[in-house]
Amino acid sequence: MMRILATALLSLILLAGCSIAPERPVTRMELLKTNIYNKYIVEESPEELLYSLNTRGEVVVESKRNIPGKNFNIYLKLLATADGLEVLEYDR
């Protein structure tokens, strides 16, 4: 009985940590409305980001803030939520 409970608990923890595809696919227009290509220097194309968002629901990319003369390296995390795209910025 204890072994079954432990297996079920481990399975639940692993499933909770997995990324899942969004209920509604993210469109190119929604991605471009975030203005990430104006605010940040992102090397990945919109198609690459859309593929990751629509298959895993999230993507993290290395980026830089678009401030002339300054070099701020960041991680940019995009999340596909029920309310739309969420953009989070973390220092590298």
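Heavy atoms only: backbone and side chains are in, while hydrogens, waters and symmetry mates are out. Keep in mind the model is a prediction, meaning the values are calculated, not measured.
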Does the distance from a Lys or Arg side-chain N to an Asp or Glu carboxylate O, for Glu30 and Arg24, drop under 4.0 Å? yes

Asn54 side chain reached by Pro22 side chain, heavy atoms, under 4.5 Å: yes

Residues Leu76 and Ser63: closest non-hydrogen pair is CB-CB, 4.2 Å

Hydrophobic clustering (ILVMFWY, side-chain heavy atoms < 4.5 Å, transitive) - are Ile41 and Val87 grouped together? no

Side-chain donor or acceptor of Thr34 paired with backbone N/O of Leu31 under 3.5 Å: yes

Looking at Arg65 and Glu89, is any side-chain nitrogen of the basic one under 4.0 Å from a carboxylate oxygen of the acidic one? yes

Could you walk me through whether Glu47 and Arg28 pass salt bridge (charged side-chain N to carboxylate O under 4.0 Å, His left out), step by step? CA-CA 8 Å; Glu47 289 77 19; Arg28 185 180 175 98; 2.4 Å; yes

Which Ile, Leu, Val, Met, Phe, Trp or Tyr residues join Tyr75 in one cluster when any pair of side-chain heavy atoms under 4.5 Å counts as a link? Val60, Leu79, Leu88, Tyr90

Determine the minimum heavy-atom distance between Asn71 and Lys64, stating which atoms define it. OD1-CD, 3.4 Å

For the residue pair Ala80 and Leu85, what are the closest heavy atoms and their distance? CA-CD2, 4.0 Å

Minimum heavy-atom distance Val61-Val59, with the two atoms named: CG1-CG2, 4.1 Å

Which pair of non-hydrogen atoms, one from Ile36 and one from Val42, has the smallest distance, and what is that distance? O-CG2, 4.1 Å

Starting from the C-alpha separation in whole Å, work towards a yes-or-no answer on side chain to side chain contact (heavy atoms under 4.5 Å, CB included) for Asn66 and Lys39. CA-CA 5 Å; Asn66 193 9; Lys39 294 179 186 177; 5.8 Å; no

Taking all atoms of both residues into account, what is the closest heavy-atom pair of Ser45 and Tyr37, and its distance? C-OH, 3.2 Å

For the atom pair CG (Leu78) and CD (Glu44), what is the distance rounded to the nearest 0.5 Å? 10.0 Å

